There are 2 protein chains.
Amino acid sequence: MLSQKAKYAMRALIYLAKARDDKADTPPVGIAEIAAKQAVPRKFLELILLELKRHGLVQSYRGKHGGYALAKAPEGIYFGDVIRLIDGPLAQLPCASLTAYRRCADCEDEATCAIRHVLKQVRDASAGILDRTSLSDVLDGRSGGMVMGDGI
Amino acid sequence: MLSQKAKYAMRALIYLAKARDDKADTPPVGIAEIAAKQAVPRKFLELILLELKRHGLVQSYRGKHGGYALAKAPEGIYFGDVIRLIDGPLAQLPCASLTAYRRCADCEDEATCAIRHVLKQVRDASAGILDRTSLSDVLDGRSGGMVMGDGI
DNA sequence: TAAAATCTCTATAGGGTTAATAGAGAATAT
DNA sequence: ATATTCTCTATTAACCCTATAGAGATTTTA
């Protein structure tokens, strides 16, 4: 399951991307505004935005008229990165992860482990979608990036 | 993440499938044997097998020489079913699930929800793999069923 | 019939994670 | 200066995951 936190993070980022889309000159958006418009608990959102900032996805400005803005173009912010950041690896098993591989403690023979093999395929398919879908793919109702088979 | 419980369940089922493969006449396999050979806590495995039985994946026999056996051919037992049974829906959001759809409580407009749209694609891709890979696809080192692109 | 082996079932408990809240601190604009 | 805003550390309540315990029911065998 996607955590509530990751969902809030995505909502905030999409909101920031839209704010940027609306005007050429983008002033920072305050936490309070994002929280109110996206139905996210304000104090919780503070933590999330701070984390996004520390990982370079958003920029912050303090003081009056301060707030948050995307740190890079929406084209460069991918679902996969956000989810990894908040919820950890996309793979459903550590041993099936590409970016955060760890051996399973109780694994007898990784090479022939069927569970690993199948879940690695699932990971690759998921990452194939999430690492190719960016905020920009999602801004105007379109979503899913260059993925085939979604009926468009 | 795949729960430990689901991992144990898969291990037990694969073990039972192999036991069946070895001899034409398959006697039931005791919990104790599965637990020992697959490094699964015995009492925990009891709960798991009971659950698998209630859902019709395995059969049980009581008394001396009792134990468990698959309730159907390995060809008919899919990864997707087992994971759904133990861990719940494959989708990472209730609103992206096909078999267990639920609206998100705080969703403003589901039709245009980008998060939902993307995670639905991920679900479909995952289910496409997990619902086509059965125990039989995995018995002899082969794994992954009729899925393309895994280098075989 | 008694004993042994095995599955069945309900209850419970410890540890970790998640979601959220609180409150003091630091920076900035006016 | 003062108001506004982000920054940071702590804390908490609820929940879920993993596992264990123990009594009960069923079947085989002697």
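Model, not experiment: these values are computed from the prediction. These numbers come from the heavy atoms of this one structure, side chains and all, not from hydrogens, waters or symmetry mates. Naming: A, B, ... by sequence-line order, numbering from 1 per chain.
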Scan residues 47-73 of chain A for pairs that pass salt bridge (Lys or Arg N to Asp or Glu O under 4.0 Å), counting only residues two or more places apart or in two chains.
A:K5-A:E51
All side-chain hydrogen bond (donor to acceptor under 3.5 Å, both in side chains) counterparts of A:D81, not counting sequence neighbours:
none
Are any side-chain N or O atoms of B:D124 and backbone N or O atoms of B:Q121, one a donor and one an acceptor, separated by less than 3.5 Å?
no
Short N/O separations, protein against nucleotides 22-24 of chain C, under 3.5 angstrom:
residue	atom	partner	partner atom	Å
C:dG23	N7	A:K43	NZ	3.4
C:dG23	O6	A:K43	NZ	2.4

What's the CG-C1' distance between A:L45 and D:dT7, to the nearest Å?
14 Å
Counterpart residues, side-chain hydrogen bond (donor to acceptor under 3.5 Å, both in side chains), relative to A:E75 (two or more places apart)
none
From CD of B:E33 over to C1' of C:dT6, roughly how many Å is that when rounded to an integer?
14 Å
List the residues meeting side-chain hydrogen bond (donor to acceptor under 3.5 Å, both in side chains) with B:Y68, not counting sequence neighbours, and say none if there are none.
none
Once you round it to whole Å, what is the distance between C1' of D:dC17 and CE of A:M1?
16 Å
Counting only N and O atoms by type, is there a donor-acceptor contact under 3.5 Å from the side chain of A:R132 to the main-chain atoms of A:G128?
yes
Could I get the full list of side-chain contact (heavy atoms from CB on, under 4.5 Å) partners for B:R102, not counting sequence neighbours?
B:P94
Within this structure, what is the CD-to-P distance between A:E51 and D:dC6, rounded to whole angstrom?
17 Å
Of the residues in residues 61-72 of chain B, which ones touch DNA chain C at a heavy-atom distance under 4.0 Å?
B:Y61, B:R62, B:G63, B:K64, B:G66, B:G67, B:Y68
What is the distance, rounded to the nearest whole Å, between atom CD of A:Q59 and atom P of D:dT7?
11 Å
Of all pairs that satisfy salt bridge (Lys or Arg N to Asp or Glu O under 4.0 Å), the ones with a partner from residues 89-98 of chain B, not counting sequence neighbours:
none
Among all residues two or more places apart in sequence or in another chain, which pass the salt bridge (Lys or Arg N to Asp or Glu O under 4.0 Å) test with A:E46?
A:R42, A:K43
side-chain contact (heavy atoms from CB on, under 4.5 Å) against A:D87, all qualifying residues, sequence neighbours excluded:
A:L2, A:S3, A:A6, A:I83
B:Q59: which residues meet the side-chain contact (heavy atoms from CB on, under 4.5 Å) condition with it, sequence neighbours left out?
B:Y61, B:A71
If only side-chain N and O atoms of B:K53 are considered, is one of them under 4.0 Å from the OP1 or OP2 phosphate oxygen of C:dC7?
no
Expressed in angstrom and rounded to an integer, what is the separation of A:R54 atom CZ from D:dC6 atom P?
15 Å
Pairs under 3.5 Å (N/O, protein and nucleotides 12-19 of chain C):
residue	atom	partner	partner atom	Å
C:dA19	OP1	A:Q4	N	3.0

Within the pair B:S60 and C:dT6, is there a side-chain N or O less than 4.0 Å away from OP1 or OP2?
no
Nearest-angstrom distance from the residue atom CZ of B:R42 to P of C:dC9
16 Å
Could you tell me how far apart B:L52 (CG) and C:dT8 (C1') are, to the nearest whole angstrom?
15 Å
